[in-house]
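Each residue takes its place number in the sequence, starting with 1. Atom set for the values below is all heavy atoms of this structure, side chains included, hydrogens, waters and symmetry mates excluded. In each ligand, atom 1 is the first atom listed, and ligand 1 is the first ligand listed. Owing to the predicted nature of the structure, the values given are computational and were not obtained by experimental measurement.
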Amino acid sequence: MSETTVLHVGGAAPYDVVVGRGLADQLPRILGKEVQRVALLFAGDLNELAQPVLDALVAHYDVMALGLPDGERAKNASVANDCWEALGEAGFTRSDAVVTFGGGATTDLGGFVAASWLRGVRVVHVPTTVLAMVDAAVGGKTGINTGAGKNLVGAFHEPAGVLCDLDLLDTLPAEELRAGLGEVIKCGFIADPAILDLVEADPQGAQDPTSPVLAELVTRAIRVKVDVVVDDLKETGGKDGHPGREVLNYGHTLAHAIERASDYTVRHGEAVALGCVYVAELARSAGILAEDVAARHATAFGCVGLPTALDAGEWEELHATMKVDKKARGSQLRFVVLDGLASPRILAGPSEDLLRSAYDVIRAGGAG
Ligand code: GLY
């Protein structure tokens with residue numbers, strides 16, 4: 001699949017997610033003619049990779065390029081403040097725009113800067129990782145981390161467009177690409193089982209940036225996310241028992257605790273793989289999920305080399321961290337679980353025994 005696919009995100013502020021190759025030239029069309037100045041917020045180590053984007057912008061706009069420290073630990077108020085100061089010095093107005101170029105941390109932080117500057121200016125995301133393409137760049141969630149946890153400060157601010165240029169994945173380190181598949185495979189379980197068939201049939205193709213298999217996986221995962229956010233942009237809840245946008249947090253309650261316990265050295269997609277395997281076991285031992293579907297979690301994540309057995313952190317620490325995670329409501333822990341493939345629901349307040357026994361099974365090295 002080398003053609004360009006356009007996924008339309010409807011709603012009050014509609015926009016397109018374009019998936020293809022060599023897309024930088026589409027930026028001026030998406031930003032529009034009213035924009036005068038553009039702040040290109042890019043992950044600092046991606047200078048060379050960002051050149052086509054810079055070239056496409058300087059031909060039409062007054063461009064300020066700001067290299068940001070990359071990674072989850074740099075997604076903080078201090079770096080956001082540096083951006084606000086730079087926008088202020090350059091006299092950025094409401095008719096100016098932000099373009100982000102980088103992984104999920106850059107699109108989250110850059111999106112938040114755009115959401116907060118003058119209460120919101122246009123932003124276009126150009127994600128450079130699988131993870132950012134299928135998750136962070138789409139759906140309008142922006143934010144930064146605080147000492148108490150991930151994404152605790154943020155805003156909903158939908159982009160004016162998202163360009164997922166698959167050529168950018170050619171230079172992505174193999175382990176980063178693999179980690180991104182954690183979110184892709186999650187989408188297979190919550191909504192599109194064809195993703196699981198594709199990954200299991202060709203795990204090598206799934207990890208090859210030049211392969212049509214990866215292109216199809218990325219496109220399918222984005223479509224899952226688009227469908228979810230169109231129905232429940234602000235995560236207020238779904239219809240007919242569907243969790244709504246919260247479904248995207250499948251595996252994330254434990255994943256965020258694992259990331260924090262490791263001081264973010266465990267990659268997000270790796271933590272999501274572990275979190276999904278854990279929550280599948282939780283649902284299996286609660287009698288909600290059939291054994292074979294629970295066991296498929298370890299198969300699907302494991303076939304591309306993602307971790308499926310917990311060895312990060314101790315239960316007490318992970319449990320305590322999960323409780324302060326924003327997915328806990330009141331004093332109850334909430335988990336998105338499956339009662340079948342692509343059939344998600346919420347499990348609220350599982351017993352301590354159930355939580356612990358699922359952890360013990362995963363620690364022992366495999367679900368089911
Ligand atoms: N990353 C989860 C969401 O966008 O809701």
(request) Anything under 30° is parallel, anything over 60° is perpendicular, the rest tilted; go ahead and classify Phe301 against Phe189. (result) parallel

(request) Tell me who clusters with Phe112, hydrophobic residues only, linked when side chains sit under 4.5 Å apart either directly or through other members. (result) Leu41, Met64, Leu66, Leu68, Val79, Trp84, Leu87, Phe92, Val98, Leu109, Val113, Trp117, Leu118, Val121, Val123, Ile144, Val153

(request) Look at Glu200 together with Arg296 and state whether they make a salt bridge at an N to O cut-off of under 4.0 Å. (result) yes

(request) Establish, from distance only, whether the side-chain atoms of Gln51 and Asp55 form a donor-acceptor pair under 3.5 Å. (result) yes

(request) Could you list the residues that satisfy salt bridge (charged side-chain N to carboxylate O under 4.0 Å, His left out) with Arg37, not counting sequence neighbours? (result) Asp96

(request) Any chance you could pull the hydrophobic cluster mates of Val272, using side-chain heavy atoms under 4.5 angstrom and chaining through other members? (result) none

(request) Output the set of protein residues with a heavy-atom contact under 4.0 Å to ligand 1, ordered first by chain identifier and then by residue number. (result) Asp135, Lys141, Lys225, Arg245, Leu248

